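Working notes, beginning with the structure itself.
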Amino acid sequence: RREGTLLPAAAAAAQLLIVVSDARVDTESREELRRRVVALQEQGVLVVLIVIDRNADEKDSVFNTRMVEFTPRGGVKVTSYFDGFPFPYYLAIQDIEALPEVLADALRQWFEALQSAALR
C-alpha cells in the first residue's frame, strides 16, 4: 500500500528524511512525534515513513489495528490506528525485498518535485 504522493510537499522541502519502521507508536508518544515532524517540516525537511508490515496474518497487520479510547462520558471510541498518525507521508510494504524499489521511487518523486519547483 502507498499513501498519496510526495510531490506537493517535496517541492518545498530542501532535505529528505526517510524513517524505516514497523509504525508501532504508543499513544503517549504520538503528540511529541507529531510536534517533531512539524518542526522538521518548518525547517524544510520532508519526513517520509516507510512502514515494514511483515505480519503473515492479515489480522495482525498494522493497517488492521484499531485503537480504543474512553470518552469523558464513559463511552468507548474505536478508531483506525492511522487516524491522527503523526507522519503525514508514508509508504508501506509487506515484502522487505521491495524496499530498494520503494526507496528509489520515493527519491525519484522527491527529485522530480525539486526540479519542478526550480523551474517555476
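In what follows, residues are counted from 1 in the order of the sequence shown. Just so it is clear, the model here is predicted, and its values are computed rather than measured.
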* **Pairwise distance CG(Leu107) to CD(Glu112) - rounded to 0.5 angstrom** => 11.0 Å
* Structure fact -> Distance col, row Thr79:OG1 vs Lys77:NZ, nearest 0.5 angstrom, shows 6.5 Å
* Asked: Does Ser29 offer a backbone N or O that forms a donor-acceptor pair with the side chain of Arg34 under 3.5 Å?
  -> no
* Asked: Heavy-atom distance under 4.5 Å between the side chains of Ile52 and Ile96, does that happen here?
  -> yes
* So do Met67 and Ser80 actually touch side chain to side chain, heavy atoms under 4.5 Å? -> no
* Asked: Do the side chains of Val51 and Asp22 get nearer than 4.5 Å, heavy atoms only?
  -> no
* Does atom CZ of Arg35 have more than 12 heavy-atom neighbours, drawn from other residues, nucleotides or ligands, at distances under 6.0 Å? -> yes
* Decide yes or no for Val76 and Val68: does some side-chain heavy atom of the first lie under 4.5 Å from some side-chain heavy atom of the second? => yes
* To do: Run the numbers on Val25 and Tyr81 for side-chain contact (heavy atoms from CB on, under 4.5 Å), then give the verdict.
  => CA-CA 9 Å; Val25 179; Tyr81 181 77; 3.8 Å; yes
* Asked: Should Leu49 and Val45 be counted in the same cluster of Ile, Leu, Val, Met, Phe, Trp and Tyr side chains packed under 4.5 Å apart?
  -> yes
* Hydrophobic cluster membership, Leu46 vs Phe111, 4.5 Å side-chain cutoff -> yes
* **pair Gln41-Tyr89: side-chain heavy atoms closer than 4.5 Å** => yes
* Taking all non-hydrogen atoms of both residues, which atom of Thr65 and which atom of Arg24 are closest, and how far apart? -> OG1-NH1, 3.1 Å
* Find the distance between CG (Leu91) and CG (Asp105) and round it off to the nearest 0.5 Å. => 7.5 Å
* **Minimum heavy-atom distance Arg30-Asp83, with the two atoms named** => NH1-O, 3.3 Å
* Asked: Relative to the ring of Tyr90, is the ring of Phe63 parallel (under 30°), tilted (30 to 60°) or perpendicular (over 60°)?
  -> tilted
* Nearest heavy atoms of Phe85 and Ala23, plus distance in Å -> CE1-O, 3.8 Å
* Decide yes or no for Val48 and Leu16: does some side-chain heavy atom of the first lie under 4.5 Å from some side-chain heavy atom of the second? => yes
* Asked: What closest approach, in Å, do Val78 and Arg66 show between heavy atoms, and which atom pair accounts for it?
  -> CG1-CB, 3.8 Å
* Are side-chain heavy atoms of Ile93 and Leu99 found at a separation under 4.5 Å? -> yes
